[in-house]
Amino acid sequence: MQIINTINELRSALEKQTSVAFVPTMGNLHAGHIQLVEVAKRHAQCVVVSIFVNPLQFGVNEDLASYPRTLDADCKKLEAAGTSIVFAPKVEEMYPDFDGGNLNQTMTITPPPIANELCGASRPGHFSGVATVVMKLFNIVQPTVAVFGKKDFQQLFIIEQLVKQFNLPIEVIGVHTVREPSSLAMSSRNGYLTSEQRNQASQLNNTLQDIVNLVNSGANDYPKLEQQAKTTLIQQGWLVDYISIRSSLTLAPAKDTDSQLVVLGAAKLANTRLIDNIEFLR
Ligand code: PAF
């Protein structure tokens, strides 16, 4: 496995590859990421994984400074998983106009309005930062296939729009969320949880699953179901950002005529913001 830090070196290393499968990450890798690599390996001989904590997608009061950076451990896991190349650029390599915290000179992508709903409502600019770095990484790696986790359902939706609307010749593959035995979705941010909070954290998934069960048994007052779920989580000590039942095809609020649905939630346990979702049919 090669570990490469610069765009030029990566381009030379990829020169002879006819097909590349790409897994973008921010590092601090867990079994969910390794699953993305496993899927990537089925699509190309050359698998590139990027590790880059993208400052553009963090809000001013978010965890950019404390986001866990574990490059050595990540590289060991990626080598064991059969990764061909790790691309781990510095901020200056990705954003040459970055001048010590001011990214104002950086050209960015404005995603469609759905990026201002759900996670985007409480994280203004987040999906512009994601779309911008993913576009840059796509241009650098030029993969045939790119693999993303479905835990970040809204992110995956926006990246699918990016690829479609900018006519990128890339197949985007979404991979099912890998969960702890408790049903807690694997996430780098789970590392912020105390062991007591970790035990409690599966309540988010359980609450989403309750909604799925209720819809499957005929409930169709979606705003009421969302409100009930929020109340349950608040009573359990969560600070709820949103619980929302949406069309899984368009991410618009679910209508009675929609049959392909996704229920998404974001909530904080103390200072840790967790997200999860469940796709389902009705
Ligand atoms: O999902 C992530 O880890 C990040 O948002 C991504 C896609 C690597 C872009 O920084």
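For ligands, and for the atoms within them, numbers begin at 1 and follow the listed sequence. What you see is a predicted model; the values in this text were computed from it and never measured.
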May I ask you to list the atoms of ligand 1 that are less than 4.0 angstrom from any heavy atom of Val133? 9 (C), 10 (O)
Tell me who clusters with Leu233, hydrophobic residues only, linked when side chains sit under 4.5 Å apart either directly or through other members. Leu184, Leu193, Leu204, Leu208, Ile211, Val212, Leu214, Val215, Tyr222, Leu225, Ile234, Trp238, Val240, Ile243, Ile245, Leu261, Val263, Leu269, Leu274, Ile278, Phe280
Does any N or O atom in Asn54 lie less than 3.5 angstrom from one in ligand 1, N or O only? no
Between Phe166 and Phe138, is the ring centroid distance below 6.0 Å? no
Identify, by atom number and element, the atoms of ligand 1 in contact range of Gln155, meaning under 4.0 Å from any of its heavy atoms. 1 (O), 2 (C), 4 (C), 5 (O), 7 (C)
So is Thr25 polar-close to ligand 1, meaning N/O to N/O under 3.5 Å? no
N/O donor to acceptor pairs below 3.5 angstrom from side-chain atoms of residues 168-176, sequence neighbours left out:
none

Rounded to the nearest 0.5 Å, how far does CD of Gln155 lie from CD1 of Ile275? 8.0 Å
When you compare the side chain of Phe52 with that of Pro24, does any pair of heavy atoms fall below 4.5 Å? no
For atom 9 (C) of ligand 1, which of the options His33, Met26, Gln57 provides the nearest non-hydrogen atom? Gln57
For Pro24, the ligand 1 atoms whose distance to one of its heavy atoms is below 4.0 Å: 8 (C)
